[in-house]
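One structure is given below, encoded as structure tokens.
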Amino acid sequence: MQVELPDGSTLELPEGATGADAARAIGEGLARAALAVRQDGQVRDLAAPLEDGAPLEIITARSPDALELIRHDAAHVLATAVTELYPGTKVSIGPPIEDGFYYDFEFPEDVTVGEADLPRIEEAMRSHIHADERFERTDIPAGDALKRFVEEDQPYKVELIEDLVRDQGVDTVSLYRNGPFTDLCRGPHGPATKRIKAFKLTSVAGAYWRGDSNRQMLTRIYGTAFLSQEDLDSHLERLEQARARDHRRLGRELGLFMFSDLSPGSPFWQPAGMTIWNDLTDLWRAENLRRGYREVKTPILYDVELWKQSGHWEKYRENMYFTDVEERAMGLKPMNCPAHIQIYREERRSYRDLPIRYSEAGLVHRHEPSGVLHGLLRVRHITQDDAHIFCTGEQVEDEVIDCLDFGFFLYEIFGFDPRLELSTRPDVRIGSDEMWDAAESALESALRRKGLEYELNEGDGAFYGPKIDLHMTDSIGRSWQLGTVQLDYSMPERFGLEYTGADNAEHRPVMIHRALLGSFERFIGILVEHYAGEFPLWLAPVQAMVLPIADRHVEYARRVRDELAASGIRVEVDERTESVGRKIRDGEVRKIPYMLVLGDREQEAGRVSVRRHREGDVGDRDLAELARSLAAEIAEKRAPAVPDNPL
RNA sequence: GCCGGAGUAGCUCAACCGGUAGAGCAGCCGCCUUGUAAGCGGCAGGCUAGGGGUUCGAGUCCCCUCUCCGGCUCCA
């Protein structure tokens, strides 16, 4: 047989040769480095027979697939160690994931495994790795495998095989054995355990079997593995650095916002954080007005009858707050749409009025489950940069495009590069298939016309319509939904919305629900992490700090402050009787963009010595000129140098 | 909500096997009058998250509640 190598040469091999044989034929070094092979785009074990005539690529530690392989190997070694240390443990699945791997177990009832147990498990794993146990694959009839796992009392494996047989008509399954442990596994794997050069178990967590909260909760052990100790160390180092830009930590350190046990999930904005909030609000308001939105403001508390009509009572009650007001049942709004609908309905509408765009920095309350609260990124008290567009069916696509343009305009100001998701019809939905066809194709065509890349998230749309979401990641790579553009044919129906057409007949408008920043809370949380607290000048809570060198310079310092403040700059004087070194250090720690040092020299010349955060001393400047340049930098919301993200 | 973990001064963390709760920073007071990342000295600061229990004795052991952290589910 013969195979073609990536350099274009051909390799002659005896019939039935394996990947390992091919590697050895090329060279001993490659044979030692080989982890697996790829043929026809599929990664396969070294021990698998090669396919005659197909191009062959040998996968080594240098290949992009190598990490995935050894992490999958490590997951098996983890299961090996765990089943050995805790007899009676039931195993389920253990895949490689971004940055590592996990394995889900059901431990015997009297056993709880916590993070304190990880070193012990790691030690057991290490001994299996040192033993360099080979991964051996066996293909056996599904029925035999089923029998085996029934006998071993491994119900999760049994269920997996049953499903494979039923859903995919599989008749043969593969088992992988390393040392004492055999797992149902599709593969591929590296040749033996010693190829896992460096690993670490990182955490323990609960995880529902098959991601279903009605089913058994298993214990998930997370870990990561690398091809060298240095790679592992630098990965851990990056994680450590990422923690330094956690918005919860920076929020406290910079005095932006705080939380209290007295109102879980609800941020308290401190003065410094409120300047950011207000700058963002100013931007939001100006841009909405410029784009034909009209701002409204609506109550937060409503008669439950409204929620019954909107469908929230039926679909969303669990997440709402209710109270009685003089024996009348009321509910806090979890969304603004029914409120904006009231304004729409206040007057008769003509097709000439459409589209009508209402914007509101709307305060909604959602009773998020206690376990999901997360700083500013998941709160119960949410201020959305909400808007509802009432338009005709023909206007939908253009309106959606305008929303996307608006969104990208905003995100570019901050240097954000959002990931897009298109979510389509869910199983449980209202409306006809024709309606869904039209709505989905309107969104899709809007995305296509903009030439935007997006992920298709089938079945994840709202029950009333499909949506496009804008996602951003936090400092450790978790994805959060910010903006959303949703098409809705249902609310107009429920509330009987109408407009009079050119034909003098009544027609039903379409609603677009749209938040672009998403919520001010979450957006600012992402903003803090994105900038690592080093805000661009226009957002910095204190834009300049004046540092008099000695007490005799305080008077001049105040004059400098007043002059800059007159140009609209947020400026303070550090009047403490501390050394300049100390004042500078404190200013740097607070990440203040400009520090203006002044002593005898500056005072006499009417100048200031300028120090830029991160850059240091940039020389002295004329005061009036400095005021002009700072004001200009603020006005143009200059794109800042974003600190490197460690991930 | 579920699983695992944590909660000690404003912050970051100590406190052996159950034996009088301690440090740095921040704060306050004083001295120093300072030239580009921490000047020096002193003082004050605690119902160890809250409640119950075991014990001669509990920050430490047990139970309940709350909050937070990491995941899972959820996120209209």
Side-chain angles (χ1 to χ4, degrees), chain A residues 102 104 106-107 112-118 202-222 243 246 248-249 252-253 258-265 310-312 314-320 334-335 337 364 366-375 377-379 382 423 426 428 460-465 467 469 476 478 480-481 484 486 488 490-491 513 518 522 547-554 576-590 595-602 609-620:
Chain A
Y102 68 78
D104 287 347
E106 184 190 333
F107 287 101
T112 41
V113 171
E115 264 155 50
D117 302 297
L118 296 183
T202 50
S203 63
V204 179
Y208 297 106
W209 169 235
R210 300 210 141 170
D212 183 344
S213 60
N214 296 312
R215 304 200 63 180
Q216 177 74 34
M217 174 153 291
L218 306 173
T219 302
R220 175 170 298 179
I221 299 179
Y222 281 97
R243 273 190 270 279
D246 186 312
R248 293 165 297 186
R249 171 179 170 159
R252 188 178 57 241
E253 288 174 356
M258 48 164 273
F259 289 90
S260 161
D261 288 358
L262 298 173
S263 186
S310 68
H312 287 87
E314 186 191 346
K315 301 267 181 194
Y316 205 72
R317 199 179 354 168
E318 293 295 297
N319 288 297
M320 289 177 62
M335 297 181 204
C337 31
V364 299
R366 299 181 183 180
H367 182 217
E368 302 287 343
S370 56
V372 305
L373 300 179
H374 187 93
L377 298 180
R378 190 81 183 262
V379 293
I382 307 164
S423 296
V428 181
D460 216 31
F463 67 90
Y464 51 73
K467 57 178 187 159
D469 294 330
I476 64 169
R478 291 175 291 215
W480 298 89
Q481 182 195 307
T484 185
Q486 310 181 345
D488 180 4
S490 158
M491 292 283 170
H513 306 237
R522 183 175 282 181
L547 309 184
I549 286 171
D551 288 349
R552 65 178 177 277
H553 307 121
V554 166
R576 294 175 303 165
T577 56
E578 287 286 355
S579 66
V580 182
R582 175 51 176 273
K583 292 179 183 178
I584 286 172
R585 187 192 136 78
D586 290 345
E588 291 289 345
V589 167
R590 289 174 63 189
M595 277 183 270
L596 310 173
V597 179
L598 29 95
D600 294 336
R601 290 199 301 269
E602 289 79 6
S609 188
V610 179
R611 183 192 166 95
R612 187 78 168 93
H613 176 63
R614 272 187 175 263
E615 286 172 36
D617 194 348
V618 294
D620 71 316

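Within the 4.0 angstrom heavy-atom criterion, no nucleotide atom of any strand lies near A/Asn319. At the heavy-atom level, A/Met595 lies nowhere under 4.0 Å from the strands shown.
Residues passing the ring-ring contact (aromatic ring centres under 6.0 Å, His included) test with A/His613, sequence neighbours excluded: none. Remark: A/Tyr222 engages A/Tyr102 in a ring-ring contact (aromatic ring centres under 6.0 Å, His included) (not counting sequence neighbours). By the salt bridge (Lys or Arg N to Asp or Glu O under 4.0 Å) test, A/Glu578 pairs with no residue at all, sequence neighbours left out. Under the rule for a side-chain contact (heavy atoms from CB on, under 4.5 Å), the partners of A/Val610 that lie at least two apart in sequence or sit in another chain are A/Tyr594, A/Leu596, A/Val608, A/Val618, A/Arg621, A/Leu626. Partners of A/Thr484 under the side chain to side chain donor-acceptor pair (under 3.5 Å) rule, at least two apart in sequence or in another chain, are A/Asp469, A/Gln486. Looking at residues two or more places apart in sequence or on another chain, you find a side-chain contact (heavy atoms from CB on, under 4.5 Å) between A/Val580 and A/Ile549, A/Ile584, A/Val597. For A/Thr219, the side-chain contact (heavy atoms from CB on, under 4.5 Å) test picks out A/Phe107, A/Val204, with sequence neighbours left out. With sequence neighbours left out, A/His312 forms a ring-ring contact (aromatic ring centres under 6.0 Å, His included) with A/Trp307. Here A/Asp600 pairs with A/Arg552, A/His553, A/Glu604 under the side-chain contact (heavy atoms from CB on, under 4.5 Å) rule; sequence neighbours left out.
Electrostatic pairing of A/Asp586 and A/Arg590 does not count as a salt bridge here, judged by no charged N lying under 4.0 Å from a carboxylate O.
On a pure distance criterion of 3.5 Å, a polar donor-acceptor pair joins the side chain of A/Arg378 and the base of B/rC74.
A/Glu106 has its CD atom 15 Å from the C1' atom of B/rC2, to the nearest Å. Atom C1' of nucleotide B/rG4 and atom CG of A/Asp117 are separated by 10 Å, given to the nearest angstrom. Protein atom CG of A/Asn214 is 17 Å distant from nucleotide atom P of B/rG1, rounded to whole Å. What separates CZ of A/Arg252 from C1' of B/rC25 is a distance of 14 Å, to the nearest Å. Between the C1' atom of B/rA26 and the CZ atom of A/Arg590 lies a distance of 13 Å, rounded to the nearest Å. Between A/Asp460 atom CG and B/rC75 atom C1' there is a gap of 10 Å when expressed in whole angstrom units.
Rounded to a whole angstrom, the distance from the C1' atom of B/rC62 to that of B/rA23 is 31 Å. Nucleotides B/rG59 and B/rG50 place their C1' atoms 15 Å apart, quoted to the nearest Å. On the C1' atoms, B/rU20 is 23 Å away from B/rG24, given to the nearest whole Å. Taking atom P in both B/rC11 and B/rA26, the straight-line distance is 15 Å, to the nearest Å. To the nearest whole angstrom, the two C1' atoms, one in B/rG27 and one in B/rU12, are 16 Å apart. Across the C1' atoms, B/rG18 and B/rU48 are found 15 Å apart, a figure rounded to whole Å.
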task = Go along nucleotides 36-51 of chain B 5' to 3' and tag each nucleotide: B for a protein heavy atom under 4.0 Å from its base, S when only backbone or sugar atoms are that close, - otherwise.
result = BBBB------------
request  = Take nucleotides 60-72 of chain B nucleotide by nucleotide from the 5' end and write B, S or -, depending on whether a protein heavy atom sits under 4.0 Å from the base, only from the sugar-phosphate, or from neither.
outcome  = -------SSSBBB
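Shortest non-hydrogen contact noted between A/Val379 and A/Glu368 is O-CG, 3.4 Å.
B/rC17 has its base syn relative to the sugar, with a glycosidic angle deviating from 0 by at most 90°.
A/Arg576 CZ to A/Ser579 OG: the interatomic distance, rounded to the nearest 0.5 Å, is 9.0 Å.
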request  = Taking Watson-Crick and G-U wobble pairs with both distances under 3.5 Å, convert RNA chain B into its dot-bracket string, 5' to 3', dots for unpaired and | for cross-strand pairs.
outcome  = (((((((..((((.....[..)))).(((((.......))))).....(((((..]....))))))))))))....
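Each of A/Ser213 and A/Thr112 was assigned the nucleotide of RNA chain B with the nearest heavy atom; the assignment lying further toward the 5' end belongs to A/Thr112. Nearer to the 5' terminus of RNA chain B, by closest-nucleotide assignment, is the contact made by A/Ile549 (compared with the other of A/Ile549 and A/Met335).
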